[in-house]
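Encoded as structure tokens, the structure appears first; notes follow it.
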2 protein chains.
Amino acid sequence: MAPITIWLVEDNVRYRNALAGVINRAERMACSQAFSRCEEALDLLQQTPPPDVILLDIGLPGISGIQGLEKFKQIAPTTYIIILTVYDDNDKVFNALCAGASGYLLKDSTPEKIIAAIDEVLAGGAPMNMQIAHKVLEMFTRFKPAQTDYGLTEREREILQQLVSGLTKQQIADKLYISFHTVNTHCKNIYSKLHVNTLSGVISKAYREHLI
Amino acid sequence: MAPITIWLVEDNVRYRNALAGVINRAERMACSQAFSRCEEALDLLQQTPPPDVILLDIGLPGISGIQGLEKFKQIAPTTYIIILTVYDDNDKVFNALCAGASGYLLKDSTPEKIIAAIDEVLAGGAPMNMQIAHKVLEMFTRFKPAQTDYGLTEREREILQQLVSGLTKQQIADKLYISFHTVNTHCKNIYSKLHVNTLSGVISKAYREHLI
DNA sequence: GACAAAATACCACAAATGTGCGATTGTCCT
DNA sequence: AGGACAATCGCACATTTGTGGTATTTTGTC
């Protein structure tokens, strides 16, 4: 059985070598390339078949790991990419996952965990440290419709929907077969209920608080 | 050391009893209550101290597990809630996590995994099955800013930012110490680059395409 | 049937927006 | 030196918005 091919992108030489050693000592795994910068890996990826897995540091010199991740995914969409980094701030995690990372490990992970993570992505999983998984779930709660109830009526929500979609009052009137004046009145009521007094305020509030 | 108190909400009697047995046989854990419906658990939660962890099925008779979850969180925000269910469709997972679940296990999990999951939430983790974790990461890729590049300049992005925040052109001019006319010109250019011709259109596009 | 809430409609006027022009200044690149 | 681009400022004018009113008709509920 062909071994699982793995590339490393990591600028710390000692850590890179240690990691390559760990991988090569594992059964059925081969660290076939190791780079210190994304650019080098991207160059080679253009010319040779992609590996099964890339272990990627973020916080590299040159182009950022996140940007690199996006480019890797463009060139080799089926290669699994596992982030391996010291950064655990929400933004980094969020952006990496949005860009298509298949896993996110912190550098304090033991060699066994890293090997297990590689097996896990290939089995269709998504390896993460405990604290990363926790952050990830926390991020979801932010999408929760906070749903302050401003007491909008059915019709008012409908008008709001149309405003958000970019129509003018006159266009809304035409679309809903009611007069301009009616739309205007509804707008007045919406504005007063949402405590705003400009169209931009209404729309921003609608988006930010998921009223639509 | 006081045992970890756990409540079960699960309508299948046999599974419920089996699970309670598993938990009670574990060290330092006690399944102090078991319910077949959310309503009962909610009633008791109003009257007695909350448990450390609730294992919650979704797909119950009466109010849905998701709604129940929200109410549990309102009454006892610090109690960890782990979803334990047969459902693995994106919507259920997404809604449960948005509502504040601390973990999501499928019912094919072994007793050991379930016990380990309880330990994991208490240690600040977020236990998930492999396939759930994978789904979760997939959901993130959907938030990826599609990032059409409209070629906005630095200044134009700044003006756009202010528009989105709800300021009028005059207010923006005052804030950035430039004349109303300049802001107006920038707006004209933004409108033309984004192919819109109303303020609402600009703001909606900015939100929808994550230009801000 | 009485009552409240919601939806409808109208007017008037100040304020803000959208869009057509043109123009100057500074910076960067070749 | 010249060209491209960004940022700045200006004017005029039609359109749209925001806000103060008032008023009628549906609709649902007790």
Side-chain angles (χ1 to χ4, degrees), chain A residues 39 62-64 67 145-212, chain B residues 145 147-212:
Chain A
E39 288 87 334
I63 71 169
S64 82
Q67 285 174 291
Q147 289 303 30
T148 324
D149 186 8
Y150 291 101
L152 295 183
T153 69
E154 188 77 36
R155 196 58 154 173
E156 282 161 0
R157 273 193 298 274
E158 197 177 356
I159 304 276
L160 174 58
Q161 177 68 57
Q162 301 298 328
L163 282 176
V164 166
S165 81
L167 301 185
T168 65
K169 293 175 182 177
Q170 186 58 60
Q171 288 170 325
I172 296 174
D174 294 344
K175 187 164 179 180
L176 300 183
Y177 303 109
I178 54 182
S179 90
F180 169 84
H181 302 291
T182 305
V183 177
N184 202 29
T185 303
H186 283 310
C187 286
K188 275 188 267 189
N189 294 332
I190 293 171
Y191 280 31
S192 121
K193 285 181 182 178
L194 297 195
H195 308 299
V196 293
N197 55 1
T198 60
L199 182 52
S200 45
V202 168
I203 298 182
S204 287
K205 200 150 190 167
Y207 272 103
R208 274 201 274 266
E209 306 193 11
H210 300 93
L211 301 176
I212 37 116
Chain B
Q147 283 305 28
T148 325
D149 185 9
Y150 291 101
L152 294 183
T153 68
E154 186 79 6
R155 196 57 154 173
E156 283 162 0
R157 273 194 299 274
E158 195 177 356
I159 303 276
L160 174 59
Q161 179 66 59
Q162 301 299 328
L163 281 176
V164 167
S165 80
L167 301 185
T168 65
K169 294 175 182 177
Q170 186 57 61
Q171 287 171 326
I172 296 174
D174 294 344
K175 187 166 180 180
L176 301 183
Y177 303 108
I178 54 182
S179 90
F180 170 84
H181 302 291
T182 305
V183 177
N184 201 29
T185 302
H186 282 309
C187 285
K188 275 187 264 189
N189 294 333
I190 293 171
Y191 279 33
S192 124
K193 285 181 182 177
L194 298 195
H195 309 298
V196 294
N197 57 359
T198 59
L199 182 52
S200 46
V202 169
I203 297 182
S204 287
K205 202 150 190 167
Y207 272 103
R208 273 201 276 266
E209 307 193 13
H210 300 92
L211 302 177
I212 37 119

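Quantities reported herein were computed from a predicted structural model and do not represent experimental measurements. Chain letters run A, B, ... following the sequence lines, proteins first, then strands; residues in each count from 1.
In this structure, the side chain of A:Tyr207 does not engage the main chain of A:Val202 through any donor-acceptor pair within 3.5 Å. In this structure a side-chain-to-backbone donor-acceptor pair under 3.5 Å is missing from B:Gln161 to B:Glu158. Listed for the A:Lys169 side chain is no donor-acceptor partner under 3.5 Å among the backbone atoms of A:Phe180. Side-chain atoms of A:Ser204 come within 3.5 Å of backbone N or O of A:Ser200 as a donor-acceptor pair.
In this structure, CG of B:Asp174 is placed 12 Å from P of D:dC9, rounded to the nearest angstrom. In this structure, A:Leu163 places its CG atom 8 Å from P of D:dT17, rounding to the nearest Å. The CG-C1' distance, from A:Leu167 to C:dG18, rounds to 17 Å in whole Å. When the P atom of C:dA16 is taken as reference, atom CD1 of B:Ile172 falls 13 Å away, rounded to whole Å. Atom C1' of nucleotide D:dT8 and atom CD1 of B:Ile190 are separated by 14 Å, given to the nearest angstrom. Here the C1' atom of nucleotide D:dT17 and the NZ atom of A:Lys169 are 5 Å apart, to the nearest Å. Nucleotide D:dT15 holds its C1' atom 14 Å from the CG atom of B:Leu199, rounded to whole Å. At whole-Å resolution of the value, CG in B:Leu194 and P in C:dT19 are 13 Å apart.
Between A:Tyr191 and D:dT19 there is no side-chain polar atom (N or O) within less than 4.0 angstrom of OP1 or OP2.
Residues B:Leu160 and B:Ile190 approach most closely at N-CD1, 4.0 Å, considering heavy atoms.
Between B:Tyr150 and B:His195, the angle of the ring planes goes over 60°, which puts this pair in the perpendicular group of the 30/60° scheme.
Interface remark: the B:Asn184 side chain does form a donor-acceptor pair with the C:dT19 base, using a distance-only criterion of under 3.5 Å.
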Please list, pair by pair, any protein nitrogen or oxygen found under 3.5 Å from a nitrogen or oxygen in nucleotides 7-9 of chain C.
from	atom 1	to	atom 2	distance (Å)
C:dA7	OP1	A:Thr153	OG1	3.3
C:dA7	OP1	A:Arg155	N	3.0
C:dA7	OP2	A:Thr153	OG1	2.4
C:dT8	OP1	A:Arg155	NE	3.2
C:dT8	OP1	A:Arg155	NH2	2.8
C:dT8	OP2	A:Arg155	NE	2.9
C:dT8	OP2	A:His186	NE2	2.9
C:dA9	OP2	A:Ser179	N	2.6
C:dA9	OP2	A:Thr182	OG1	2.7
C:dA9	O5'	A:Thr182	OG1	3.3
C:dA9	N6	A:Thr185	OG1	3.4

